[in-house]
Amino acid sequence: MVEETGCLDEASSSPPGDSYAWRNGEPLLRPVACEPLTRLVGLVETGRLMRENPMSILPGALFRQTRLSGPHFGRSIHEVSGPAEMKSILLDNYEAWRKSPLIMRMLRPILGEAILTAHGENWHRQRKSLQPAFLRRRIEGFAPIMAEVAETTALRLSAEDQPVEIQAVLNDATFSVIERVLFSDAQEFDRVRVRSAIEVILAETGTLRMSDLLPAPEWVPRLMSARALRARHVFRKAAMAQIRRRRESGNSGDDLLGLLLELRDPETGDGLSDRDIRDTVMTFIAAGHETTAIALTWALYLVASDAPTQKRLRAEAAEAMAHGRALSAADLPRLTFSRQVIEEAMRLYPPAPILGRRAIAETEICGHPVKKGDVALLAFYALHRHETLWDQPDHFDPDRFSPERRPKDRYQFMAFGGGPRACIGANFALMEATIFLSTLVAKLGFTPVEGHDVYPVMQVTLRPRGGMALNIQTLRN
Ligand code: HEM
């Protein structure tokens, strides 16, 4: 059943309806959830549902059990939603599994053999080299850019006609952050042209076609439109020109591109090739902006519907931003509630709600045998709302991520994946989302738009269908 979203009006004394549960005398919001599959469906119907919204193929039983296995094109498909099963696939037996051929076929034409789409020794070498670029002290240097873009976004949101479709605005903002973090001094770099080229490439990559649902090996190339091929050429040429210019000048620069140029394999001392760097830049743009924008979109939706949470967030942000100054990395330890809200938003709406893997060798999932060629669907969405793991799993309760209550098992909260291939940008994303949420809530008030129907659909990431409209009010400080 799809739940109604509720708006908790601070001034209202009327008791909340069925959409709420109670904790310590406080009402908890029950926001919109995906309707689970409660009937048996055939292959054709599954194909249709997959194209429409892959979330609708998650069976209700997966929210009570931790594995469901069934036949799949002569092999088996294992849908998993328990921490032990996640750990078995992503950590204990990770070498027996590969990313799903569909994802590889969709991503390889744009990302080449960079870290997200590489395998084996090639992946291992890149991961080792790139890891130092994401050390906390390194990425903290990017906080001023994040804070500046967050402030500009607050101004932009307050100037837009109301209600505002916030997802597009946030997507734009997180794109600016990653672009500025990568290319701080983009000489001879046509930002507008490169950006529209990247948008064309990402839009085509994120669109599932009927032909994508037919089983095909990952080496069969997925055809790209002439428009997307031209856009890829524009991006690659611009990125290469930047890389060569910096190599020739002998000054790598102190942005993320500069770090990539300076990285060395800790064992061999080898650096990344120009081509690796070009594809890594594209990977960071593709993996690192929409995901964060989506997390923020859902967080603001929840905050707009829950006045007490919004008030508490604002008080925390106001204290950190005393005398109107912008946030910096030094403020992060004080923005704990903001971070809890972000984590709780990603629990309810994980930006990557399902990951696919294919077994490349015989293996097992918690003792259950798996044959080579079997498929695993790691349903983070079901894990995050599992009835046996969470108290009031469908309710919004940011305090479940407080230091005392947060899950002890690292594999119970999987927004950033797990094991050796977990998200390399997790700290970057959390820092950016925390700075954005605090800045926006300090300056603006958010309320839901009456009659605006919110529903989560999976289009690579878990987005609100048709966008997210919110009413925004500029606050006087
Ligand atoms: C809220 C934001 C983000 C979410 C929810 C997210 C989620 C994920 C997940 C679930 C994976 C694992 C994929 C798999 O195992 O198949 C992943 C991998 C990855 N992410 Fe993120 N991500 C976010 C932000 C970022 C950012 C900001 C960057 C870079 C600047 C980034 C770069 C990557 C890369 C390079 C990988 C591949 C790592 C590897 O295969 O070794 N992500 N991300």
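Order of listing sets the numbers, starting from 1, for every ligand and every atom in it. Computed from a predicted model, the values in this text were never measured in an experiment. The first residue in the sequence is number 1, and the count goes up from there. Basis for what follows: all heavy atoms, side chains included, without hydrogens, waters or symmetry-related copies.
- Relative to atom 24 (C) of ligand 1, the option among T291, I103, I294 with the closest non-hydrogen atom is T291.
- Contact record, I294 with Q167: CD1-NE2, 3.6 Å, taken as the closest heavy-atom pair.
- Atoms of ligand 1 lying under 4.0 Å from at least one heavy atom of F428, given by number and element, are 27 (C).
- Between W390 and H384, the ring planes are perpendicular. Angles over 60° get that label, and only those under 30° would be called parallel.
- Atoms of ligand 1 found under 4.0 Å from any heavy atom of T292 (numbered from 1 in listed order, with element): 1 (C), 2 (C).
- Here the protein heavy atom with the shortest distance to atom 12 (C) of ligand 1 is R421 O, 3.7 Å.
- In this structure, R136 places its CZ atom where only 12 or fewer heavy-atom neighbours from other residues, nucleotides or ligands lie under 6.0 Å away.
- Contact check for H368 versus S69: side-chain heavy atoms found under the 4.5 Å cut-off.
- With a 6.0 Å radius and a threshold of 12 heavy atoms from other residues, nucleotides or ligands, R193 has its CZ atom at or below the threshold.
- Residue G417 holds the heavy atom nearest to atom 10 (C) of ligand 1 of all those in P353, P351, G288, G417.
- At most 12 non-hydrogen atoms from other residues, nucleotides or ligands lie less than 6.0 angstrom from CG of D254.
- In this structure, the protein non-hydrogen atom closest to atom 20 (N) of ligand 1 is C423 SG, 3.2 Å.
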Could you please spell out the steps behind the side chain to side chain contact (heavy atoms under 4.5 Å, CB included) verdict for T309 and L29?
CA-CA 10 Å; T309 293; L29 172 77; over 6 Å; no
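- In this structure, M321 and D331 have side chains that are not in contact, with every pair of non-hydrogen atoms separated by 4.5 Å or more.
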I would like to know whether D397 and D391 meet side chain to side chain contact (heavy atoms under 4.5 Å, CB included); could you show each step before the answer?
CA-CA 10 Å; D397 178 9; D391 180 30; 6.0 Å; no
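- For ligand 1, the atoms sitting less than 4.0 Å from at least one non-hydrogen atom of A415 are 5 (C), 7 (C), 10 (C), numbered in the order shown with element in parentheses.
- Residue T283 has no N or O atom closer than 3.5 Å to an N or O atom of ligand 1.
- Summary of contacts: the protein heavy atom closest to atom 34 (C) of ligand 1 is I424 CG2, 3.8 Å.
- Within the listing of ligand 1, atoms 1 (C), 2 (C), 24 (C) sit less than 4.0 angstrom from a heavy atom of A429.
- At under 3.5 Å, a nitrogen or oxygen of W123, whether backbone or side chain, sits near a nitrogen or oxygen of ligand 1.
- Of the protein's non-hydrogen atoms, L116 CD1, 3.4 Å is the one closest to atom 36 (C) of ligand 1.
- Minimum heavy-atom separation, V454 to V32: O-CG2, 3.1 Å.
- Here the protein heavy atom with the shortest distance to atom 32 (C) of ligand 1 is A287 CB, 3.7 Å.
- At least one N or O atom of R127 sits closer than 3.5 Å to an N or O atom of ligand 1.
- At the top of the distance list for atom 15 (O) of ligand 1, counting protein heavy atoms only, stands R357 NH2, 2.8 Å.
- With respect to atom 13 (C) of ligand 1, the closest heavy atom belonging to the protein is L355 CD1, 4.0 Å.
- Here K99 has side-chain heavy atoms under 4.0 Å from ligand 1, and that is the only part of it that gets that close.
- Scanning the protein for heavy atoms near atom 6 (C) of ligand 1, the closest one is F416 CD2, 3.7 Å.
- R236 CZ: more than 12 foreign heavy atoms inside a 6.0 Å radius.
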